[in-house]
**Student:** 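The following block contains the structure, expressed as structure tokens.
Values below: every heavy atom of this structure, side chains too, minus hydrogens, waters and symmetry copies. What you are looking at is a predicted structure, and each value in this text was computed from that prediction instead of being measured. Here is how names work: the chains are called A, B, and so on, in the same order as the sequence lines, proteins then strands, and each is numbered from 1.
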There are 2 protein chains.
Amino acid sequence: MKKYEAISAEIKRRIMEKEYSTDSPIPDEISLAKEFACSRMTMKKALDVLVMEGLLYRKRGHGTFIVKSAIDNKLVNVGTGESLGLTNLLKNKKIESKIVLYEVMFPNEEVASHLSITTKTPVYHIVRLRIVDGEPYVLEDTYMPSDLISGLTEEILHFSIYQYIKEKLGLTIAGSHRKIRACKSNELDQQYLNCASDDPILEVEQVSYLNTGTPFEYSFSRHRYDKFFFTAVSILKP
Amino acid sequence: MKKYEAISAEIKRRIMEKEYSTDSPIPDEISLAKEFACSRMTMKKALDVLVMEGLLYRKRGHGTFIVKSAIDNKLVNVGTGESLGLTNLLKNKKIESKIVLYEVMFPNEEVASHLSITTKTPVYHIVRLRIVDGEPYVLEDTYMPSDLISGLTEEILHFSIYQYIKEKLGLTIAGSHRKIRACKSNELDQQYLNCASDDPILEVEQVSYLNTGTPFEYSFSRHRYDKFFFTAVSILKP
DNA sequence: GAGTGGTCTAGACCACGGG
DNA sequence: CCGTGGTCTAGACCACTCG
């Protein structure tokens, strides 16, 4: 365990357990560094994590304070997210997957360009309906290069592709770029998400990358508008 | 100008001008630190900025590489955004504002709780239609404590509230928490955004904070679904 | 082993806000 | 003035990947 992560976790615990007052600043960086027997730079890095998560804010010349609203609201932080994939995000829920389509094909120009491959490189094309606690939740339309993500089976698709990539293929997922938009529902949405023809859809277009910088997934997640929203924390530079 | 920002900007320039190959790593941190006459920690911080923006990625034991797709797509980075407000985001466009409603009122429970005030504290309630290059773009429904954001005039509402807060009131905006969702359009949307009754809306619910941690704005921005999408860069921890 | 980025140190000075 | 956080330094050792 990295030192700054351990410190960060301990301070987070103290905040959540209300061991620090929300009316006065938490102890200053130098005192905390002394308490945790680390340098001030390391202490700062530990606090940086919590500032990023929206739990703390700093006032130059004053100190570091707790964001009051952060204690009650358990934010799903997406800005610098901890994990990707439904299986990770909804750990307490029962998640099922219905495979709507599973094929190997040559990508069109658009898909190929987002995956940084040619139209001659075969890709998996997967359409999955994800069902959370018995309710249809999201329809995922996913493209992955078949040589990169090899050995996919229907059994894996019924569970978690991300877990397979990490644990069985030993690849490291580095992050993703997303575009979030609203759009009209199409027939496929209506059929599988069980929604009305005038129900909107929240669509997340996503390119995910390995730590090698290689894109491994280009996907469109189409969410029921009443079952999902996206959260983001934005911190401006001074 | 801070040193690491200046270095960061210069490296960004080099990437955009294609002065570095995208097939090999950019120079290592120690060489770059030497070139820019700074310590390695400062160099690292400068590169951190570009990693956050999705322009670079690092491979331990290998080097630091350019994200190929980042050069073409000019991402509007929202994750750790540079600025808030339309006036900043769309600098090249002609932005007009039509004031639909402008009143002072007592907030309901929901608004009060998000602004961390009581229902006895008066707030401005502002509904503005923002028009970009002559096209209706977003309908903003905004609540602000009137004692905090004092001296608002219609003239300011026609231009930029954020700029007024920063430049005239001398307050510093620290960041915001957002929820992004899709929803159905209502009559107000249809009237002002000039959209059909079955057109969806991309709604951004936002609480914005000053650097004091005080919430100063609770707003709902309702966007035409065909004129706006939200982008986010997500970087996972190793 | 050589070279990379990742973490950490023990200081230094600066910028800001308050008394 | 003092105390706060913000930046910066010149090193150190570790973890990882490759030849």
Side-chain angles (χ1 to χ4, degrees), chain A residues 1-9 11 20 23-52 55-67 80 170-172 174-175 210-214 235-238, chain B residues 1-9 11 20 23-52 55-67 80 166 170-175 210-214 235-238:
Chain A
M1 177 68 107
K2 280 160 243 170
K3 198 164 188 171
Y4 76 88
E5 284 182 354
I7 296 171
S8 186
I11 302 218
Y20 289 134
D23 295 323
S24 43
I26 67 170
D28 65 273
E29 296 179 346
I30 295 175
S31 309
L32 285 172
K34 197 171 292 177
E35 183 197 336
F36 285 97
C38 69
S39 72
R40 194 180 151 215
M41 288 295 282
T42 301
M43 195 65 234
K44 193 182 286 293
K45 196 162 179 180
L47 296 179
D48 277 346
V49 174
L50 302 181
V51 171
M52 294 292 180
L55 255 70
L56 293 175
Y57 63 93
R58 295 187 171 108
K59 265 172 87 175
R60 197 192 198 112
H62 290 264
T64 302
F65 298 78
I66 296 170
V67 175
T80 54
L171 302 173
T172 304
L210 299 175
N211 65 338
T212 57
T214 310
I235 299 155
L236 305 185
K237 293 171 198 166
Chain B
M1 174 68 107
K2 283 160 244 171
K3 199 164 186 172
Y4 76 88
E5 284 183 354
I7 296 172
S8 186
I11 303 218
Y20 289 135
D23 296 321
S24 42
I26 67 171
D28 65 275
E29 296 179 345
I30 296 175
S31 308
L32 284 171
K34 196 169 293 177
E35 183 197 335
F36 284 97
C38 69
S39 73
R40 193 179 151 215
M41 288 295 283
T42 301
M43 196 64 234
K44 194 181 284 294
K45 196 163 179 180
L47 296 179
D48 276 346
V49 174
L50 302 182
V51 171
M52 295 291 182
L55 257 68
L56 293 176
Y57 64 93
R58 296 186 171 108
K59 266 171 85 174
R60 198 194 196 107
H62 289 266
T64 303
F65 298 79
I66 297 171
V67 175
T80 54
K166 283 188 284 191
L171 301 173
T172 303
I173 299 169
L210 299 175
N211 65 340
T212 58
T214 310
I235 300 157
L236 304 185
K237 293 172 196 165

**Student:** Which atom pair, heavy atoms only, marks the closest approach of B:Met43 to B:Cys38?
**Tutor:**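 Closest heavy-atom pair between B:Met43 and B:Cys38: N-SG, 3.9 Å.
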**Student:** Any side-chain N or O of A:Ser39 less than 4.0 Å from the OP1 or OP2 oxygen of C:dG11?
**Tutor:**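 No, no such contact exists.
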**Student:** Report yes if at least one side-chain N or O of B:His62 is closer than 4.0 Å to OP1 or OP2 of C:dG3; otherwise report no.
**Tutor:**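 Result: no.
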**Student:** Rounded to the nearest Å, what distance is computed from the CZ atom of residue B:Arg60 to the P atom of nucleotide C:dG5?
**Tutor:**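 About 11 Å, once rounded to whole Å.
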**Student:** Kindly say if A:Lys45 contacts the phosphate of C:dT7, meaning a side-chain N or O under 4.0 Å from OP1 or OP2.
**Tutor:**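 A:Lys45 to C:dT7 OP1/OP2: side-chain N or O found under 4.0 Å.
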**Student:** Over how many whole Å does the gap from A:Tyr57 atom OH to D:dG6 atom C1' extend?
**Tutor:**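 To the nearest whole Å, that distance equals 18 Å.
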**Student:** Using the closest heavy atom to pick a nucleotide of DNA chain D for each, name whichever of A:Asp48 or A:Gly61 lands nearer the 5' end.
**Tutor:**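 It is A:Gly61, whose closest nucleotide lies nearer the 5' terminus.
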**Student:** Taking NZ from B:Lys34 and P from C:dT4, how many angstroms apart are they, rounded to a whole number?
**Tutor:**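 Distance check: B:Lys34 NZ to C:dT4 P gives 11 Å.
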**Student:** With a 4.5 Å cut-off on side-chain heavy atoms, are B:Lys44 and B:Arg58 touching?
**Tutor:**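 Yes, side chains in contact.
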**Student:** Check whether the side chain of A:Arg40 and the base of D:dG5 form a donor-acceptor pair under 3.5 Å.
**Tutor:**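 Under the 3.5 Å cut-off, the side chain and the base do form a donor-acceptor pair.
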**Student:** How many whole angstroms separate atom CZ of B:Arg58 from atom C1' of C:dT7?
**Tutor:**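 Rounded to whole Å, this separation is 12 Å.
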**Student:** Classify A:Lys44 by what it touches in the nucleic acid, base, sugar-phosphate, or nothing, heavy-atom distance under 4.0 Å.
**Tutor:**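 Base contact - A:Lys44 has a heavy atom under 4.0 Å of at least one base atom.
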**Student:** Starting at CD1 of B:Ile30 and ending at P of D:dA12, how long is that distance when rounded to a whole Å?
**Tutor:**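 Whole-Å distance recorded here is 12 Å.
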**Student:** Would you indicate what A:Ala33 reaches in the nucleic acid, counting non-hydrogen atoms under 4.0 angstrom: base, sugar-phosphate, or nothing?
**Tutor:**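 Nothing: the residue A:Ala33, judged by heavy atoms under 4.0 Å, touches no strand.
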**Student:** In the structure I gave you, are the side-chain heavy atoms of A:Thr64 and A:Leu32 within less than 4.5 Å of one another anywhere?
**Tutor:**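 Of all side-chain heavy-atom pairs linking A:Leu32 with A:Thr64, none is under 4.5 Å.
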**Student:** Can you measure B:Phe65 atom CZ to C:dG5 atom C1' for me and round it to whole angstrom units?
**Tutor:**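 These atoms are roughly 11 Å apart.
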**Student:** Among the nucleotides D:dG5, C:dA10, C:dT7, which one has an atom lying closest to any side-chain atom of A:Met41?
**Tutor:**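 Looking only at side-chain atoms, A:Met41 lies closest to C:dA10.
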**Student:** Identify, between A:Thr42 and B:Pro27, the residue whose nearest nucleotide on DNA chain C lies closer to the 5' end.
**Tutor:**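 It is B:Pro27 whose nearest nucleotide is closer to the 5' end.
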**Student:** Does OP1 or OP2 of D:dT7 have a side-chain N or O of B:Tyr4 closer than 4.0 Å?
**Tutor:**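 Yes, B:Tyr4 has a side-chain N/O under 4.0 Å of OP1/OP2 on D:dT7.
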**Student:** How close or far is atom C1' of C:dG5 from atom NZ of A:Lys2, stated in whole angstroms?
**Tutor:**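 In whole Å, C:dG5 C1' and A:Lys2 NZ are 12 Å from each other.
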**Student:** Are OP1 or OP2 of C:dT7 and a side-chain N or O of A:Lys3 less than 4.0 angstrom apart?
**Tutor:**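 False: A:Lys3 side-chain N/O out of range (4.0 Å or more) of C:dT7 OP1/OP2.
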**Student:** I'd like to check A:Thr42 versus A:Phe36 (side-chain heavy atoms, cut-off strictly below 4.5 Å). Are they in contact?
**Tutor:**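 Answer no - side chains too far apart.
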**Student:** Report the distance from atom NZ of A:Lys59 to atom C1' of C:dA15, rounded to the nearest whole Å.
**Tutor:**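 Distance, rounded to whole Å: 16 Å.
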**Student:** What I'd like to find out is whether the side chain of A:Leu56 reaches to under 4.5 Å of the side chain of A:Ile66, using heavy atoms alone.
**Tutor:**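 Of all side-chain heavy-atom pairs linking A:Ile66 with A:Leu56, at least one is under 4.5 Å.
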**Student:** Tell me what A:Ala46 touches on the nucleic acid: a base, only sugar-phosphate, or nothing, going by heavy atoms under 4.0 Å.
**Tutor:**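 No contact at all - A:Ala46 keeps every heavy atom at 4.0 Å or more from the nucleic acid.
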